[in-house]
2 protein chains.
Amino acid sequence: MENGAPAVEARRRAGRPPHPVLGPGRITKAALRLIARDGYKGLTMSALARLLNVAPSALYNHVSSKQDVLLLVEDHLMAGVDISGFEAGPWHQAVRGWAWSYRNVFARHTPLIPVIAVLPVTNAPQTVKMYEAVTAGFHAAGWPPDQIIDAIVALESFIFGSAFDVNAPAEIFNAGELAADAPLFTQAVASRASGSGSGPGGDERPVSPSDTAFGLGLEALIDGLWAQRALAPKARHP
Amino acid sequence: MENGAPAVEARRRAGRPPHPVLGPGRITKAALRLIARDGYKGLTMSALARLLNVAPSALYNHVSSKQDVLLLVEDHLMAGVDISGFEAGPWHQAVRGWAWSYRNVFARHTPLIPVIAVLPVTNAPQTVKMYEAVTAGFHAAGWPPDQIIDAIVALESFIFGSAFDVNAPAEIFNAGELAADAPLFTQAVASRASGSGSGPGGDERPVSPSDTAFGLGLEALIDGLWAQRALAPKARHP
DNA sequence: ACCTGAACACCGTTCAAGT
DNA sequence: ACCTGAACACCGTTCAAGT
């Protein structure tokens with residue numbers, strides 16, 4: 001108990017510490033550790049404080065709310081989304097690689113999606129950086145400037161929705177007692193194609209149902225958006 | 001206080017009432033009233049009980065959790081999604097009408113989306129009914145049976161993601177201080193097309209940015225899926 | 001400026017007791 | 001079977017007091 005090993009920090013007395021104990025970086029890292037260990041239900045301000053060896057109220061010197069913590073986590077994760085394809089390769093392939101990695105990152109962080117989808121990017125530098133890279137890729141592919149954001153938003157909406165689907169249980173479409181009233185649906189569910197399909201690289205290997213649906217929709221969206229790009233109306237002048 | 005007007009019910013004594021006070025229908029209706037008045041933050045078990053003039057614990061004789069209440073609400077809302085197009089009209093138009101109404105319903109109920117996306121349809125009759133109608137429409141349009149569910153899932157993912165986008169504030173893409181580091185993105189945001197576009201009926205009238213993005217993505221998805229339907233691989237036989 | 005400790009106003013859920 | 005009332009184990013957030 002009283003040996004010199006500082007494996008467990010001693011209780012801190014009240015008052016300003018010699019140098020700050022917390023900060024955005026350490027809070028983000030602790031939040032990620034908590035999420036990895038216990039999931040989002042385990043991410044509470046109390047648990048976060050406990051892991052950082054401070055009182056819960058100390059967190060509010062660095063973030064103004066729990067939403068703020070979620071924004072820190074979100075922005076950190078955005079750095080993990082693959083934007084490398086937009087720097088050089090063809091547009092189709094760049095979008096494909098970006099979309100798959102974007103979905104895969106947030107499939108494990110779906111509770112962030114309602115937050116991201118509604119929060120301004122003003123204080124999320126990694127997020128802005130990602131958008132800049134994607135916009136540059138669209139620009140380089142000759143996209144009409146006034147349509148780029150709408151195309152990105154459409155892709156993102158599909159990506160976010162698909163991230164939820166990754167977490168759906170296998171039996172989500174089991175109609176149970178209601179199957180008798182829905183014969184075509186029940187049949188379609190039973191015959192649902194799975195076991196092989198195209199991944200981000202177009203390789204042929206076993207994939208889950210959610211991967212198959214994502215691949216199908218993503219290719220449709222990429223092709224469909226590209227076709228509409230050609231038909232795009234000229235930008236209106238006021 | 002003691003006149004005969006039963007405007008406010010008298011406090012009920014403990015013990016089984018002469019006939020049940022609650023039930024799924026009344027709970028659903030009360031939940032919807034609460035959501036309409038105070039939003040989802042106002043939907044608590046306490047508030048629900050108060051509106052129904054019972055103790056919070058009484059609710060647990062009819063639902064096993066708050067998630068159960070959300071499932072009741074979700075299934076009720078599904079009846080409001082427009083599936084009429086699948087009974088007769090052309091596939092493209094049926095999907096368009098369905099998708100717009102589906103998005104519009106859940107744009108006002110985004111907190112349900114994480115629940116729907118992951119919960120089995122086993123005890124949601126209206127939801128199963130909707131899936132049956134949509135499946136029938138795909139079937140009638142000659143869709144390969146083993147691809148129907150994946151196509152529906154892809155469309156639904158886009159719809160759910162887009163429902164969040166409807167609630168995004170106008171300034172969501174304002175990079176603020178970070179604008180200098182993201183010139184192309186900032187420019188694209190500034191020139192974002194808006195003010196007119198195509199709604200579900202293809203009519204020309206003012207639409208919000210989220211409507212424009214949804215319309216763009218939906219048309220791309222419809223066209224892309226249709227094109228892939230033609231190229232669909234034959235169903236594998238085991 | 002940045003921490004502690006106590007307090008506030010909530011949550012969803014359980015369970016014995018009553019009829 | 002279906003209600004009440006009390007209790008449990010939490011939440012996020014605020015704020016005075018301390019250095």
Side-chain angles (χ1 to χ4, degrees), chain A residues 6 8-31 34-35 37-74 111-112 114-115 119, chain B residues 6 8-31 34-35 37-74 111-112 114-115 119:
Chain A
V8 171
E9 295 288 335
R11 236 306 119 268
R12 207 179 352 262
R13 288 171 44 247
R16 181 185 185 185
H19 49 261
V21 182
L22 298 176
R26 263 178 278 216
I27 292 175
T28 306
K29 199 179 158 195
L34 227 39
I35 292 161
R37 197 217 292 157
D38 307 320
Y40 275 84
K41 75 181 190 322
L43 179 61
T44 68
M45 297 301 270
S46 294
L48 195 52
R50 198 179 313 123
L51 189 59
L52 288 161
N53 222 321
V54 295
S57 52
L59 293 167
Y60 291 87
N61 289 304
H62 303 270
V63 296
S64 62
S65 64
K66 186 180 177 179
Q67 277 240 353
D68 240 42
V69 175
L70 295 177
L71 181 59
L72 286 173
V73 172
E74 181 253 314
L112 290 179
V115 179
L119 234 67
Chain B
V8 171
E9 296 288 335
R11 241 297 128 265
R12 206 181 353 261
R13 285 168 49 246
R16 182 183 185 187
H19 49 262
V21 182
L22 298 176
R26 263 178 280 215
I27 292 175
T28 306
K29 199 179 159 195
L34 226 39
I35 293 161
R37 196 218 293 156
D38 307 320
Y40 275 83
K41 74 180 190 325
L43 179 61
T44 68
M45 297 302 270
S46 294
L48 196 51
R50 199 178 313 124
L51 189 59
L52 288 160
N53 222 320
V54 296
S57 52
L59 294 167
Y60 290 86
N61 289 304
H62 302 271
V63 295
S64 62
S65 65
K66 186 179 177 179
Q67 277 240 355
D68 240 43
V69 175
L70 295 178
L71 180 60
L72 286 174
V73 172
E74 181 252 313
L112 290 179
V115 179
L119 234 68

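Proteins get letters first, then strands, A, B, ... in listed order; numbering begins at 1 in each.
- A/R37 meets the side-chain contact (heavy atoms from CB on, under 4.5 Å) test with A/L34, A/L51; sequence neighbours excluded.
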side-chain contact (heavy atoms from CB on, under 4.5 Å) for B/V73 and B/I35? Distances and angles first, verdict last. CA-CA 10 Å; B/V73 172; B/I35 293 161; 4.2 Å; yes
I'd like to know whether B/L59 forms a side-chain contact (heavy atoms from CB on, under 4.5 Å) with B/V69, so could you lay out the CA-CA distance, the side-chain angles of the two residues, the decisive distance to 0.1 Å, and finally the verdict. CA-CA 10 Å; B/L59 294 167; B/V69 175; over 6 Å; no
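- Along DNA chain D, the nucleotide nearest to B/A55 and the one nearest to B/R16 differ in position, and the one closer to the 5' end is contacted by B/R16.
- The side-chain contact (heavy atoms from CB on, under 4.5 Å) test applied to A/P20 returns no partner, not counting sequence neighbours.
- Comparing B/S46 and B/A14 by the nucleotide of DNA chain C whose heavy atom lies nearest to each, the residue mapping closer to the 5' end is B/S46.
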Dot-bracket for DNA chain C, please, read 5' to 3', with Watson-Crick or G-U wobble pairs under 3.5 Å on both distances, ( ) within the strand, [ ] crossing, | other strand, . unpaired. ||.|||||...|||||.||
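- You'll find the side chain of B/L71 reaches within 4.5 Å of the side chain of B/L119, heavy atoms only.
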Applying side-chain contact (heavy atoms from CB on, under 4.5 Å), run through B/H62 and B/D68 and close with a yes or a no. CA-CA 9 Å; B/H62 302 271; B/D68 240 43; over 6 Å; no
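- The separation of C/dA9 from D/dA9, taken at their P atoms, amounts to 22 Å, rounded to a whole angstrom.
- Using a 4.5 Å heavy-atom cutoff, the side chains of A/M45 and A/V63 are in contact.
- Two residues, B/P17 and B/M45, neighbour DNA chain C, and the one matched to the more 5' nucleotide by heavy-atom proximity is B/M45.
- Counting only heavy atoms from C-beta outward, the side chains of A/I27 and A/L52 approach each other to under 4.5 Å.
- The CD atom of B/Q67 sits 11.5 Å away from the CG atom of B/L72 when rounded to the nearest 0.5 Å.
- Against DNA chain C, the stretch residues 65-74 of chain A makes no heavy-atom approach under 4.0 Å.
- On the nucleic acid side, DNA chain D has its first and last nucleotide under 4.0 Å of a heavy atom of chain A at D/dC11 to D/dT19, going 5' to 3'.
- For the side chain to side chain donor-acceptor pair (under 3.5 Å) test, residues two or more places apart in sequence or in another chain that qualify with A/Y40 are A/H109.
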